[in-house]
Each structure stands twice: as structure tokens, then as C-alpha cells.
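Here is the structure we will look at.
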There are 2 protein chains.
Amino acid sequence: MLVLGVDPGTATTGYGVVRATRPGDATLVECGVIRTKARDALSSRLKEIHDGMEELIARHKPQVLSVEAVFYAKNVRTTVVLGHARGVILLAGEQHGLHIHEIPPAEIKKAVAGTGAATKEQVQFMLTRLLRLKSVPTPSDAADGVAAALAYCMGAHLARLSAASASIPPRTRNPLIGGRSR
Amino acid sequence: MLVLGVDPGTATTGYGVVRATRPGDATLVECGVIRTKARDALSSRLKEIHDGMEELIARHKPQVLSVEAVFYAKNVRTTVVLGHARGVILLAGEQHGLHIHEIPPAEIKKAVAGTGAATKEQVQFMLTRLLRLKSVPTPSDAADGVAAALAYCMGAHLARLSAASASIPPRTRNPLIGGRSR
């Protein structure tokens with residue numbers, strides 16, 4: 001299974017292509033960034049990001065697109081513009097029939113470094129070990145893209161599924177393991 | 001000149017196609033909405049919006065895309081998701097070589113109803129008069145799309161250009177009309 005992980009950004013979109021060989025094991029195929037120029041119009045920068053995504057999808061033919069989900073911000077304007085970039089990234093995945101997985105930053109950290117409170121350095125350290133790399137992928141946006149892909153491979157989606165089943169209302173739980181019956 | 005005006009929304013994107021016959025005069029060609037289902041995944045809804053835009057552009061071949069610009073919100077999450085929709089709308093315009101004009105709500109109101117503080121009803125009333133329609137376009141999202149197109153035709157872009165030239169640094173102004181020379 002080939003996973004394209006993306007850390008969206010209007011100026012710099014980081015990406016990583018990771019191959020999941022067997023559960024919990026993965027190798028890095030490629031990583032890098034799609035850069036756009038601040039002096040260009042937003043619509044033109046969005047097209048560059050979309051073109052970059054299409055080129056990556058055509059070249060690697062991944063089955064999964066794992067995208068960092070960000071829905072909060074200190075600066076609302078920045079986050080809204082980032083929403084535009086995420087929009088064309090998700091669109092590219094959908095247009096090419098990829099399975100799309102949106103993953104919050106804390107879940108990426110948890111899947112890669114074991115805790116949602118991990119620092120950027122801890123995530124990069126674990127990412128380098130898990131993928132048996134000689135050094136941390138650069139620039140850091142590329143490493144963030146790799147982390148998004150690796151988090152999917154490391155079963156973040158399974159963790160989410162089990163979290164979903166844990167939130168089933170009490171009456172449907174097995175009373176033998178603590179659920180309340182009515 | 002044919003202008004496609006769009007009021008972006010994740011659930012309902014309103015649009016209006018307006019033909020500018022001569023300065024200050026315009027006629028409505030078509031208006032309507034692109035609707036998406038709340039139960040569908042965001043990526044799938046974005047593709048529907050992008051497909052809808054491509055269909056409109058292919059059918060009418062407009063030269064200009066005028067899109068309502070919103071960069072603030074009471075609810076940050078809603079605005080960020082709206083940013084995704086705007087992203088694929090701007091992308092569609094860019095992919096088909098349209099001139100793209102992003103226009104803030106207050107400028108739309110000013111261009112159509114004479115003041116940035118106009119109510120929705122005042123804008124709809126003026127829009128109906130200016131386009132010589134028998135009734136207000138419905139639903140209101142479609143009317144908002146028409147307003148974005150009409151605002152472009154009514155010279156909002158010219159107003160913006162003159163505002164831009166007014167902000168030229170004093171030393172480049174003609175000293176005979178009040179500019180400071182150094």
C-alpha cells in the first residue's frame with residue numbers, strides 16, 4: 001500500500017510518499033515540497049498546488065491520501081487561506097479516486113511518537129527511526145508530509161476506528177464489561 | 001463581457017451569469033445554485049462544486065470570475081471549510097484562464113446598492129431594478145452570486161483601481177494638485 005501524506009500550506013506544501021510493507025512497517029519512497037510564490041495571485045498559487053498534487057499522484061499512483069487536518073488558528077485569515085490550499089489538495093485526491101484520510105495534528109503525533117503532546121523534534125526523531133533514515137527529511141514541511149503518511153501506515157486510522165467504537169452509547173455495550181443495561 | 005459571479009458555500013454555492021452590455025448596464029443570463037449533501041465527505045463535496053463550476057464555465061464561456069471574498073467569521077471552523085470551497089472555485093477559474101476578481105461583501109453592497117452598509121433586502125431590491133427583473137432571484141444564495149457578478153459590471157473593479165492610484169506615495173503625485181515634492 002502506497003500512502004501520499006500531505007502537510008498543506010499556501011506557500012509550502014510538504015509531502016511524503018510512504019510504502020506500508022506490512023502492519024507497523026513502512027519505507028520512505030520520496031518526500032519534498034511544492035512551493036508557490038507569495039507575489040502570485042491566490043488562484044494561481046492554488047493551481048500550482050493542484051498541478052503538483054496531480055503530478056505526484058500520476059507518478060506514484062498512491063491508494064491513500066493522508067492530509068493533516070487543521071481547523072483552528074491564532075490568525076483566522078491565515079487559516080482560511082490554508083483552507084483554500086487544503087481544498088485543492090483534497091480535490092486532487094478525490095478526482096483520482098484515492099481513499100482520503102484527514103488526520104488531526106495530535107493524532108499524527110500520537111501515531112508516530114506515541115503521544116499527542118510530542119514535540120516536533122520527537123516526531124522527527126521517531127519518524128527517522130521508524131523509516132530507518134540516515135537523517136531527518138528536510139525542509140521540515142517535507143518531514144510533516146512524511147509524518148502524515150506514516151501516521152496512516154502506523155494505524156492511526158485503526159486507532160480512530162477503535163475510538164469510534166468506544167463511544168457507542170452505554171446501552172449497546174456488553175454489560176459484562178461494564179456497560180449499563182436499561 | 002460575460003461575468004460569472006459566485007457566492008461560495010460548502011452546502012450551497014450561489015452563482016449568477018451577467019452580461020455587461022455597456023458601462024453601468026447589464027442583463028442576467030442565468031442564475032442558480034450548486035448544492036452538495038451534508039452527509040457526503042468534504043472531498044466529494046468539493047469535487048461536486050468544482051465539477052459544477054467547470055460545467056458553468058464550459059456552457060457560458062465567461063471572461064471574468066467574480067467571487068465574494070470572506071476572510072472572517074463568528075465560527076472559525078465554518079469559515080475554514082468555506083475556504084476549501086473557495087479554493088476549488090478559484091482553481092476552476094484559473095484552470096480555464098478567467099480573469100479572477102475577489103470582492104469583499106461590503107464592496108458588493110456598495111457597487112450594487114450604493115453603500116457598504118446596505119441590507120440584504122436593499123441589495124436584492126437594487127439588483128432586481130438594475131437587471132430589470134420581475135422578481136428577486138431565488139434562492140438568496142443565487143441572488144448573492146448575481147450580486148457578485150453585477151458588482152463587477154457596475155465598476156467595483158474601477159473603484160478599486162482608483163483607490164489604488166490614490167494610494168500612490170506623495171512624491172510621485174503631481175505637485176500642482178497638492179502632492180508633496182521632495
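So that the names make sense, note that chain A is the first sequence line, chain B the second, and so on, each numbered from 1. When reading the values below, keep in mind they use all heavy atoms of this one structure, side chains included, and skip hydrogens, waters and symmetry mates.
Against chain B, the residues from residues 89-99 of chain A that qualify, each with a non-hydrogen atom under 4.5 angstrom away, are Leu90(A), Leu91(A), Glu94(A), Gln95(A) in number order. Listed in order of number, the residues of residues 29-36 of chain A that approach chain B to under 4.5 Å between heavy atoms amount to none.
Val136(B) is not connected to Val146(B) by any chain of hydrophobic side-chain contacts under 4.5 Å among Ile, Leu, Val, Met, Phe, Trp and Tyr, and they are in different clusters.
In this structure, Arg129(B) places its CZ atom where only 12 or fewer heavy-atom neighbours from other residues, nucleotides or ligands lie under 6.0 Å away. Within 6.0 Å of the NZ atom in Lys109(A), the count of heavy atoms belonging to other residues, nucleotides or ligands exceeds 12.
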Please determine whether side chain to side chain contact (heavy atoms under 4.5 Å, CB included) holds for the pair Val88(A) and His84(B), giving the CA-CA distance in whole Å, both sets of side-chain angles, and the decisive distance to 0.1 Å.
CA-CA 7 Å; Val88(A) 304; His84(B) 288 61; over 6 Å; no
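Both the backbone and the side chain of Leu46(B) come within less than 4.5 Å of a heavy atom in chain A.
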